[in-house]
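Just below is one structure, and these are the notes that go with it.
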Amino acid sequence: ELGPYSHFMQKEIHEQPKAIADTLENLLDSGFVPELFGAQAADVLSRVRGVKILACGTSYYAGLTAKYWIEAMAGIQCDVEIASEYRYRAAWADPEHLVVTISQSGETLDTMEALKYARELGHKWALSICNVRESAIPRASDLVFYTRAGAEIGVASTKAFTTQLVALFTLAATLAKLRGKLGDADEARLIDELRHLPGSVQHALNLEPQIKAWADRFAAKNDALFLGRGLHYPIALEGALKLKEITYIHAEAYPAGELKHGPLALVDENMPVVVIAPNDSLLEKVKSNMQEVSARGGELFVFADLDSHFEDSPGVHVIRTPRHSGVLSPIVHTIPVQMLSYHVALARGTDVDKPRNLAKSVTVE
Ligand code: M6R
């Protein structure tokens, strides 16, 4: 079953170009049409006035990324909540806000209970983004978008996450189109960018030898900091979670602008700082945050793209993805952080596919 790979996680990382291409299959022909989310989606998606995303773990980080896309592209409010928090708080509900649950397994108890609670609070419509057909959460939802990642066996979520991002980007673009905020030319451009996405992900996978070379330097560390801004902040969170989960190294992620509000005190020559820094509108801000790290002797490991114009220098190590991927850049820049965790785990000899204390599907509280 593993073929040429040593672990399911490695196999699943490398399956991402295909998983993304499969998830995109219908969309590349149809464009951003509501029917991608189910037969009755046109009516619902044109009526929703906002979006409430509920999820756990990595799926929650997919939701955080979606907030940037949905608010920027569709111009409607998008809140993202950790399901286990939402289900126990006296939350305010707008019945016309679409509840979107994100779950690889479709069986996560906290997400399922959060969905039921949202219904009790009066939300009229629920959309499930899920990887497992006919699982509990899509069955309890009005609309469904199935990601086509195929079976994900490694406990650490990889291809499920990047395909969730594809689904959520499609949702943002569809909501934008229904609201007259996405013209034909822009739609054609976005479809073209999506068409190139599996290729860009493959280019990122080809960086594996360079990332492996970094992994040995991480293996002896006890802590790591991940930084990103804007669309890339959730990818920093995902990078830190992957590292914690499979290497047991303590890792934290911050939006880089928060450094000076506290975490900068942690930075010294022993603290590796991973920065997700492809070219986007916040790159100059990220560069000045990196200066703050360098000035305290911190060692920077930077994932950039062709357009970010970084050079290696003492204490600054740079790996570049060979293309600039625009608004889809968070999907592409997930690949290097996954591979970093994988290779650090190998170097530390941990159980990559079955990390201690964790289960693949969390069906208990
Ligand atoms: O199946 P789900 O997407 O609902 O699972 C949610 C989380 O338990 C899951 O993403 C978890 O955080 C992963 N192990 C992270 O790699």
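Both counts, for ligands and for their atoms, begin at 1 and track the order of listing.
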So is there a nitrogen or oxygen of Thr111 less than 3.5 Å from a nitrogen or oxygen in ligand 1?
no

Is the shortest heavy-atom distance from the side chain of His333 to the side chain of Glu238 under 4.5 Å?
no

Atom indices of ligand 1 within 4.0 angstrom of Lys242 heavy atoms, with elements
15 (C), 16 (O)

Within a strict 4.5 Å, meaning less than it, do heavy atoms of the Thr321 and Ser200 side chains meet?
no

Nearest heavy-atom pair of Gly230 and Pro234: which atoms, and what distance?
O-CD, 3.3 Å

So is Ala156 close enough to ligand 1, meaning a heavy atom under 4.0 angstrom away?
yes

May I ask you to identify the nearest protein heavy atom to atom 8 (O) of ligand 1, giving residue, atom name and distance to one decimal place in Å?
Val362 CG2, 4.1 Å

Does a side-chain heavy-atom distance below 4.5 Å link Phe32 with Leu190?
yes

A student checking ligand 1 against Ser59 at a 4.0 Å heavy-atom cut-off should list atoms 2 (P), 3 (O), 10 (O)

Can you tell me which residue and heavy atom of the protein come closest to atom 6 (C) of ligand 1, and the distance to 0.1 Å?
Cys56 O, 3.4 Å

Run the salt-bridge test on Lys52 and Glu81 with the 4.0 Å N-O cut-off and return the result as yes or no.
yes

Side-chain heavy-atom pair Val155, Lys360 within 4.5 angstrom cut-off:
yes

Ligand 1 atoms in contact with Ser103 (distance to a heavy atom under 4.0 Å):
1 (O), 2 (P), 3 (O), 4 (O)

If we set the cut-off at 4.0 Å for heavy atoms, which region of Thr108 has an atom near ligand 1: side chain, backbone, both, or neither?
side chain

Heavy-atom side-chain contact between Tyr86 and Leu121 under 4.5 Å
yes

If we only count heavy atoms from C-beta on, is the Met290 to Phe310 side-chain gap below 4.5 Å?
yes

Is there a polar contact between ligand 1 and Gly106, counting only N or O atoms under 3.5 Å apart?
no

Distance filter under 4.0 Å to Gly57 heavy atoms, resulting ligand 1 atoms:
12 (O)

Mind checking whether Glu245 contacts ligand 1 via backbone (N, CA, C, O), side chain (CB onward), both or neither, at a 4.0 Å heavy-atom cut-off?
side chain

I'd like to check Lys18 versus Lys159 (side-chain heavy atoms, cut-off strictly below 4.5 Å). Are they in contact?
no

The closest protein heavy-atom partner of atom 9 (C) of ligand 1 is Thr58 N, 4.1 Å

I need the contact type for Lys360 against ligand 1. Using non-hydrogen atoms and a strict under-4.0 Å cut-off, is it side chain, backbone, both or neither?
neither

